[in-house]
Amino acid sequence: MLKTLSAATLFMAVTLMAQAQSSPVSFDPAAKVFRLDGGGVSYVFGVNPRGELQQLYWGGRLTATDGFAQAAPLPEWASFDSSYSNTPQEYVGWGAGLFVEPALKVSFADGNRDLVLHYHSYTASPNGFDVVLKDISREIYVTLHYTIDPLTGILARAATIQNRETQPVTVEQAAAAAWALPPGHYTLNYLTGRWAGEWNLTQEAISPGARVIESRRGSTSHQANPWFAIAAGPPVQVSEDHGEVWFGALGWSGSWRITVEQDQLDEVRVTGGFNPFDFGYVLHPGESLETPVFYGGYSASGLGGASRLLHRYELHRILPHAPATSAPKPRPVIYNSWEATEFNVNEAGQMALAEKAAALGIDRFVMDDGWFGQRKDDHAGLGDWYVNPEKFPHGLKPLIDKVHALGMDFGLWVEPEMVNPDSDLYRKHPDWVLNFPGRPRSEGRNQLVLNLARPEVRDYVFGFLDKLLGDNDIAFLKWDYNRNWSEPGWDQLPVAEQKRVHVEFTRNLYGILAELRLKHPTVELESCSGGGGRVDLGILHYVDEVWPSDNTDPFDRLTQQDGFTYAYTPQIMMAWVTDSPHWLNRRATSLSYRMLSSMQGSLGIGANIAAWSPEEFALAKRLIGDYRQMQPTIVQGDLYRLISPRNDSEFSATQTVNAEKTQSVVFAFIHFTQQGRLFPRLKLKGLDPAAEYALSPIEGKARAGTPSVASGAWWMNHGFDMDDGFRGDFQSAAFRLDKK
Ligand code: GLA
């Protein structure tokens, strides 16, 4: 039964209605319709006569006067498909004959597993609603949190599940939100990969059944990333610039699942949250479980429009930045010696590299793995976070002082959640790792995972990091995580509660990161997990950048960076220039090509610069200088993927335009060509058509006769050709345009 609206609720409703023209949220008490407006988007749902919360609309922005009638449930389809199952509910409980993916599935202490959630009440905030649902008879309350971003129209949705019964209830499946699309033909886009091969954009027609994108690994994973984009039309029609796209991303760094489902009536739903695999969260009376946040957005401007909205949202709403600023500052240009020295770090060697790095114009010198414990290779040391006395007899101070004297700040690699069995920590606390007593402890890279869900482990990890940052002048930590879970036992808890590890581990990770940032507000952090294994909108609240892949081959990176930018802003996309031939695939490329590939993200140098020739040194130094002039445009501007490197393309090109449309940067790459094909004409995007822009080459040349100054309309409609000499395999060019 629908609850009668309280006087206070009614007052709020009337107030909100009065503000409907300007307010991003409104509730129509007569039709029981909730509406959120932001950016170019409207999102509407309502309470149907049965009391279910039903989605009504998600798409392009409607006018304030457009009204909605009360939600009407979809009818049953013969006796086999109930109206309950057919109706697109905002957050549906498993019960009453539900055959589609449930948002919530619980078991009660008496064996009842039927859960039917009806509308109970709501409260409004300036940019959203909290809508409370309750089971039809049991004291299970679910508060659905909604906010809409006025800038991008991106919605943030999450749920809090509360047990007010007198007995415990086990939550077996809990989504953050479900999104519904009208029946139609759609293409699903999602990102898949593996270690050193992350960020492949997969596109497929949505067809009857469910496509499950997930991680069962305890963390986000290289294999699939918690992002999706659903474009109207079949795959051949999906465009960078045109067409409707509904997209979303989960903010969770533990095991997650997104189910994209086309039901028997061709309706499409996307349900995502905690991965129900091996899930079971016991809620004692009075306890609550909060789900991760599922973000969702809409663009009428193709996949390019969708990613530009998401980038803006990440920059302005997700990533940490100083309170007085609207977006984080561009990343320092870093040097990291991992590929040059691997574990062989020592005071003299790092100092010598630091001198070279400073001469290149580097801002931040980062020492990677190998500096601590008895770490000579990957067999020992993780867990023992003291400075190795043979490699650094005087501690880190002399190196840090030297780095500072050279005008750079200092960063350090850590892998806090891991332990090698060959370590003092493991010898002292063998029970601290994830394990089932009496069962094998499977190793990955000779290491085990500490059970961060345990309070004493959490305290140990926070404690050593706090001390490390307190004792040393460290500006940056590269936080690594080099394996996935196995045997995820937590035997300190009663048997029924041990699966809480799936929630508490990640919550404690976030808690440590938040507390470190609070206590050491100037320290910046990178999320790395053997490359791009932990990149998601959950961790991005706490870190400033990510390491997209251990694969630093500049050609492979073109496709990886293309894929990455569908979901994530180039601001966080660290991109190192490393040595050639590349260690992974033996491909040889020029330094110019390697630099330009990396300059499309947040630039770093990861090569053995001690071995560079004076010419290489001079080229890199010049390009780092050029990069600085263009970096804000490249990493925070609007990104247009002009020519995709996917599908064995012979060419690729990207363009970014800053918010003021005063600067634009173009990168062009030849991968390989056959039969003398020349680079296609580049028609630019996103410029002010009436403004005049001057074209300046950074590397390469435009064809003779290209005007040095022309209107935005010229560059966008006529475009320009590359110089005829732009031929061969693995060639690159870059240009900038500045408004006159
Ligand atoms: C992981 C990271 C690398 C490097 C090594 C160090 O593989 O992704 O960048 O830090 O660990 O062991």
Side-chain angles (χ1 to χ4, degrees), residues 196 331-346 348-371 399 402-403 406-413 476 478 480 526 528 530-531 545-558 560-561 573-628 631 667 669 698-699 730-732 734:
R331 312 303 310 133
V333 177
I334 66 122
Y335 178 76
N336 179 305
S337 70
W338 170 247
E339 289 196 19
T341 65
E342 296 212 327
F343 298 94
N344 296 325
V345 295
N346 58 48
Q350 291 289 298
M351 283 184 177
L353 283 166
E355 279 176 13
K356 291 274 181 190
L360 268 181
I362 296 289
D363 303 309
R364 172 169 291 167
F365 184 85
V366 184
M367 179 158 67
D368 212 280
D369 198 349
W371 60 269
L399 174 61
K402 169 96 179 172
V403 166
L406 289 165
M408 301 179 288
D409 67 21
F410 180 78
L412 196 61
W413 180 95
F476 168 80
K478 172 177 170 180
D480 212 336
E526 175 179 283
C528 172
E545 60 186 55
V546 303
W547 183 227
S549 181
D550 277 351
N551 183 349
T552 53
D553 171 73
F555 172 59
D556 284 4
R557 272 288 176 114
L558 293 182
Q560 293 185 301
Q561 292 178 170
M573 185 173 78
M574 299 308 292
W576 301 350
V577 172
T578 57
D579 287 316
S580 172
H582 194 263
W583 59 267
L584 185 65
N585 48 34
R586 311 309 303 159
R587 183 177 291 120
T589 51
S590 70
L591 180 59
S592 165
Y593 181 87
R594 282 176 271 149
M595 287 292 297
L596 266 51
S597 172
S598 294
M599 282 163 66
Q600 294 172 101
S602 285
L603 178 64
I605 306 290
N608 185 9
I609 47 180
W612 274 8
S613 69
E615 294 73 30
E616 287 175 310
F617 215 81
L619 175 64
K621 189 172 175 170
R622 171 171 69 78
L623 289 174
I624 290 171
D626 287 330
Y627 176 74
R628 283 185 200 291
Q631 187 182 5
F667 290 97
F669 300 89
I698 305 294
E699 281 281 273
F730 307 117
Q731 300 298 309
S732 57

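No experiment lies behind these values; they were computed from the predicted model shown. The analysis underlying the following values was restricted to heavy atoms, covering all of them including side chains, and did not include hydrogens, waters or symmetry mates.
Counting heavy atoms from C-beta outward, Leu623 and Ile698 have side chains that approach closer than 4.5 Å. Counting heavy atoms from C-beta on, the side chains of Leu584 and Asp553 never come closer than 4.5 Å. Side-chain contact check for Phe410 versus Gln350: every heavy-atom pair is 4.5 Å or farther apart. You'll find the side chain of Leu619 stays beyond 4.5 Å of the side chain of Met595, heavy atoms only. Looking at heavy atoms from C-beta onward, Leu603 lies out of side-chain contact with Gln631 at the 4.5 angstrom threshold. The closest side-chain heavy-atom distance from Leu353 to Thr341 is below 4.5 Å.
Taking the side chain to side chain donor-acceptor pair (under 3.5 Å) definition, one finds that Ser602 meets it with nothing, sequence neighbours left out. Every side chain to side chain donor-acceptor pair (under 3.5 Å) that Asp480 has, sequence neighbours left out, goes to Trp413, Asn482. In this structure, the ring pair (Phe, Tyr, Trp, His ring centres under 6.0 Å) partners of Phe555, at least two apart in sequence or on a different chain, are His671, Phe730. For Lys356, there are no side chain to side chain donor-acceptor pair (under 3.5 Å) partners, not counting sequence neighbours. With sequence neighbours excluded, the residues that form a ring pair (Phe, Tyr, Trp, His ring centres under 6.0 Å) with Phe343 are Trp338. Take Asp409 and apply the side-chain contact (heavy atoms from CB on, under 4.5 Å) test, not counting sequence neighbours, and it matches Arg364, Ala475.
To the nearest 0.5 Å, atoms CG (Leu412) and CG (Leu399) are separated by 9.0 Å. Separation of atoms OG (Ser549) and CE (Met573) is listed at 12.0 Å; rounding is to 0.5 Å. Atoms OH and CG, on Tyr627 and Leu596 in that order, are 11.5 Å from each other to the nearest 0.5 Å. Atoms CZ and CZ, from Phe617 and Arg622 in turn, are 15.0 Å apart once rounded to the nearest 0.5 Å. Note that the CZ atom of Arg586 and the OG atom of Ser580 stand 9.0 Å from one another [nearest 0.5 Å]. Once rounded to the nearest 0.5 Å, the distance linking CD of Glu545 with CZ of Arg331 reads 4.5 Å.
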I would like to know whether Asp556 and Arg587 meet side-chain contact (heavy atoms from CB on, under 4.5 Å); could you show each step before the answer?
-> CA-CA 10 Å; Asp556 284 4; Arg587 183 177 291 120; 3.4 Å; yes
Step-by-step side-chain contact (heavy atoms from CB on, under 4.5 Å) determination, Gln600 to Leu558 | CA-CA 9 Å; Gln600 294 172 101; Leu558 293 182; 3.5 Å; yes
Derivation of the side-chain contact (heavy atoms from CB on, under 4.5 Å) call for Met408 and Asp363 = CA-CA 5 Å; Met408 301 179 288; Asp363 303 309; over 6 Å; no
Residues Trp612, Leu360; criterion side-chain contact (heavy atoms from CB on, under 4.5 Å); working and verdict | CA-CA 11 Å; Trp612 274 8; Leu360 268 181; 4.1 Å; yes
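Of the candidates Gln560, His582, Arg594, Arg557, His582 is the only one forming a side chain to side chain donor-acceptor pair (under 3.5 Å) with Thr552. Ile605 pairs in a side-chain contact (heavy atoms from CB on, under 4.5 Å) with only one of the listed residues (Asn336, Ile334, Ile624), which is Ile624.
Asp579 and Asn608 are not linked by any side-chain donor-acceptor pair at a separation below 3.5 angstrom, with hydrogens and angles left out of the test. At a cut-off of 3.5 Å, with distance as the only test, no side-chain donor of Glu699 or Ser732 sits close to an acceptor on the other residue.
Across Ser337 and Val345, no two heavy atoms sit closer than the pair OG-CG1, 4.5 Å. Taking both residues in full, the closest heavy atoms of Ile609 and Ala357 are given as CD1-N, 3.6 Å, listed atom of the first, atom of the second, then distance. Across Gly349 and Asn346, no two heavy atoms sit closer than the pair N-OD1, 2.7 Å. When all heavy atoms of Pro554 and Thr589 are compared, the closest pair comes out as CG-OG1, 3.4 Å.
Note: Tyr335 and Phe365 have parallel aromatic rings, judged against thresholds of 30 and 60 degrees for the angle between ring planes.
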